[in-house]
Undergrad: 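The following block contains the structure, expressed as structure tokens.
These figures come from a predicted structure and were not determined experimentally.
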Amino acid sequence: MSGFVYEKPRNTPVVWEGDLVVVGGGVTGVFAAVRAARLGLRVAIVEKQNLFGGTATSGLVYMWHSLYDFDLKEQIISGLSEEVIDRLDKDGQVDKKPWANPFNPMALIRVLDLLITEHRITPFLHTMYAGISSEDGKRVQYVFVENKDGRGALKAEFFIDASGDGDLCRDLGLPRYSHGVMQPPSYCFFMKGNTTNDVIEWAVRKHGAEFGLEDDWGWYGEMPGQEGLSFRADNHVFGYDLSKAEDLSEAEIEGRRRAFMFEAMLRKYVSPEYRIVNIASTIGIRETVHYKTRFQANETDLLTGVRYEDAVMQGTYGVDIHHEEDNGITFKDLDGSLRIEYGKGCEAVEGNWRHDMGLDDNYARFYQVPFSVLVQEQYDNLIPVGRMINADKGAFGALRVMLNLNQLGEAAGVAAALSLNGGLPVRELSGIKVREVLREGGSCL
Ligand SMILES: Cc1cc2nc3c(=O)[nH]c(=O)nc-3n(C[C@H](O)[C@H](O)[C@H](O)COP(=O)(O)OP(=O)(O)OC[C@H]3O[C@@H](n4cnc5c(N)ncnc54)[C@H](O)[C@@H]3O)c2cc1C
């Protein structure tokens, strides 16, 4: 950096005015917007990409896990996640199973477009959130955006920060923290060619170094209904802090290098049939910073299934921490199982975290998170929601998946409507009421 330059003050046109602005059009943000619109709010949604869905579409991450409890007996999640799965299912675009719902991200793009238009939500695509204004430090009045029309202001009574990194919270100076070493990103792509993992594991271990690829743990899955086409998240991109602009640029280029080197390695040593047929338009970010709210989720309470009368989210996905420091990955499930993998084909370390804690085998079938995880105390009319969630390292490893964040997005939309209709700041809302309205709207809580 070399010094500062003075920018002339300017008058910025107010280009939209309504009840709620959602910044970030990932699935979390879209679900927040839709829930609020269903409760009568006039909503706008701001997304820097050309499409909605965030990591699920631009990042190609094609997997929503289970809507059921850990034993696959009782359905614990429904709401908009189930509605979307059902819509995808009508066109055969999801492999709907009790234990997982892999889908075609291209089809999700269309379903999210329909949700936005059907609910008369004003879309601002290709539009970058660029700043925020609060005259008194208690209420937000405007967000500033930049797009092909130049700079504009959106005026609203309520704001939801669903930007993933918490860009609005950052600009408001809200208290934040990181877990030191963040979970590394991966660059996802779809690949044509034999999807059996053993041949790929062999190639990475034997020839990866020639292509600048580490032997680290990754995952893949067959695309529903498309034999010979797999989703790949084989390569982590280590050593970057993606809340920083410079790191983000470098990691995008390094992530794509790894993807194409992976393809080149397979073509050279396994078969020329391997081809990348679609690559994500943005790097898949697992973690950056977190913002403090009234409640911090913690691993022990989560995995032992502590119950809350104001629960607004239920889930089963276990702790899943990708290690930045040693290429490994730690999994902990509700039933106590613990597995740590290091590299492709390495023997996993196995254990039982419940037994290590002196707990019996009577495990929780699902976990919950209370409304207060969404309540920042400083601003009356702002909710942060998404992967910037207030959670310790282990709880974040579990909560970061989409079915969980989708539900929290819905809760944020409902809370925005309750706050406006009742004239109450977020911190005074009843989480029990939020839960009630979520249930009336079809959520399975
Ligand atoms: C490689 C990888 C694999 C994963 N695998 C799974 C999986 O199998 N299943 C699962 O459920 N979860 C998985 N996850 C986790 C999950 O996908 C993410 O945690 C989740 O999608 C994050 O949702 P979000 O809405 O917080 O963020 P995002 O999906 O990133 O959405 C944020 C949106 O905000 C927009 N935005 C950001 N800043 C601005 C700005 N300044 N102006 C305008 N718009 C902005 C972005 O473009 C984006 O669309 C995976 C993640 C990664 C990276």
Undergrad: Regarding Asp165 and Ser243, do their side chains bring together a donor and an acceptor under 3.5 Å, going by distance alone?
TA: no
Undergrad: Does either side chain, that of Tyr187 or that of Glu252, offer a donor lying less than 3.5 Å from an acceptor on the other one?
TA: yes
Undergrad: Check the side chains of Thr330 and His323 for a donor-acceptor pair under 3.5 angstrom, ignoring hydrogens and angles.
TA: yes
Undergrad: Can you name the nearest heavy-atom pair linking Tyr62 to Gly221, along with the distance?
TA: OH-CA, 3.1 Å
Undergrad: Could you give me the CA-CA distance, side-chain angles and deciding distance for Tyr269 and Trp202, then say whether ring-ring contact (aromatic ring centres under 6.0 Å, His included) is met?
TA: CA-CA 10 Å; Tyr269 287 108; Trp202 165 84; 7.2 Å; no
Undergrad: Would you call Arg339 and Glu350 a salt bridge, taking side-chain N to carboxylate O under 4.0 Å as the test?
TA: no
Undergrad: Under a 4.0 Å threshold between the charged nitrogen and the carboxylate oxygen, would Glu74 count as salt-bridged to Arg365?
TA: no
Undergrad: Would you call Arg258 and Asp234 a salt bridge, using N to O less than 4.0 angstrom?
TA: no
Undergrad: Test of understanding: with ring pair (Phe, Tyr, Trp, His ring centres under 6.0 Å), list the residues that count as partners of Tyr68, not counting sequence neighbours.
TA: none
Undergrad: Do you see a donor-acceptor pair shorter than 3.5 Å between the side chains of Asp361 and His355?
TA: yes
Undergrad: Side chains of Tyr177 and Gln296: donor-acceptor distance under 3.5 Å anywhere?
TA: yes
Undergrad: Under 3.5 Å, is there a donor-acceptor pair linking the side chains of Asp216 and His236?
TA: yes
Undergrad: Within the supplied structure, the quantity of interest is the number of heavy atoms (other residues, nucleotides, ligands) at a distance under 6.0 Å from Glu309 CD; does it exceed 12?
TA: no
Undergrad: Taking the basic N atoms (NZ, or NE/NH1/NH2) and the acidic carboxylate oxygens, is any pair closer than 4.0 Å for Arg87 and Asp89?
TA: no
Undergrad: Identify whether the distance between the nearest side-chain nitrogen and carboxylate oxygen of Glu273 and Arg267 falls below 4.0 Å.
TA: no
Undergrad: Strictly by ring pair (Phe, Tyr, Trp, His ring centres under 6.0 Å), give each pair with a member in residues 73-116 just once, sequence neighbours left out.
TA: Trp64-Phe103
Undergrad: What's the verdict on side chain to side chain contact (heavy atoms under 4.5 Å, CB included) for Ile132 and Val23, showing C-alpha distance, side-chain angles and the deciding distance?
TA: CA-CA 11 Å; Ile132 194 159; Val23 174; over 6 Å; no
Undergrad: Could you tell me if Arg38 and His119 have a donor-acceptor pair between their side chains, going purely by distance under 3.5 Å?
TA: yes
Undergrad: Looking at Lys332 and Glu299, does any basic side-chain N land under 4.0 Å from a carboxylate oxygen?
TA: yes
Undergrad: For the residue pair Ser443 and Glu410, what are the closest heavy atoms and their distance?
TA: OG-OE1, 3.5 Å
Undergrad: So, the side chain of Arg286 versus the backbone of Pro184: is there a donor-acceptor pair under 3.5 Å, distance only?
TA: yes
Undergrad: Taking Glu263 for the side chain and Ile276 for the main chain, is one N or O donor matched with an acceptor at less than 3.5 Å?
TA: yes
Undergrad: Under 3.5 Å, is there a donor-acceptor pair linking the side chains of Tyr363 and Asp71?
TA: yes
Undergrad: Under a 3.5 Å threshold, yes or no: a donor from one side chain and an acceptor from the other, between Tyr129 and Asp171?
TA: yes
Undergrad: So that I can tick it off, tell me whether Arg354 and Asp335 are bridged by a salt bridge, with the cut-off set at under 4.0 angstrom between side-chain N and carboxylate O.
TA: no
Undergrad: Is it the case that the side chains of Glu347 and Tyr342 hold a donor-acceptor pair, with the cut-off being a distance below 3.5 Å and no angle test?
TA: no
Undergrad: Is the cationic atom of Arg307 (NZ for Lys, CZ for Arg) positioned less than 6.0 Å from the six-membered ring centroid of Phe366 and within 45 degrees of its normal?
TA: yes
Undergrad: Between Tyr308 and Phe295, does the ring centroid distance fall short of 6.0 Å?
TA: yes
Undergrad: Ile160 and Leu20: which non-hydrogen atoms are nearest, and at how many Å?
TA: CG1-CD1, 3.8 Å
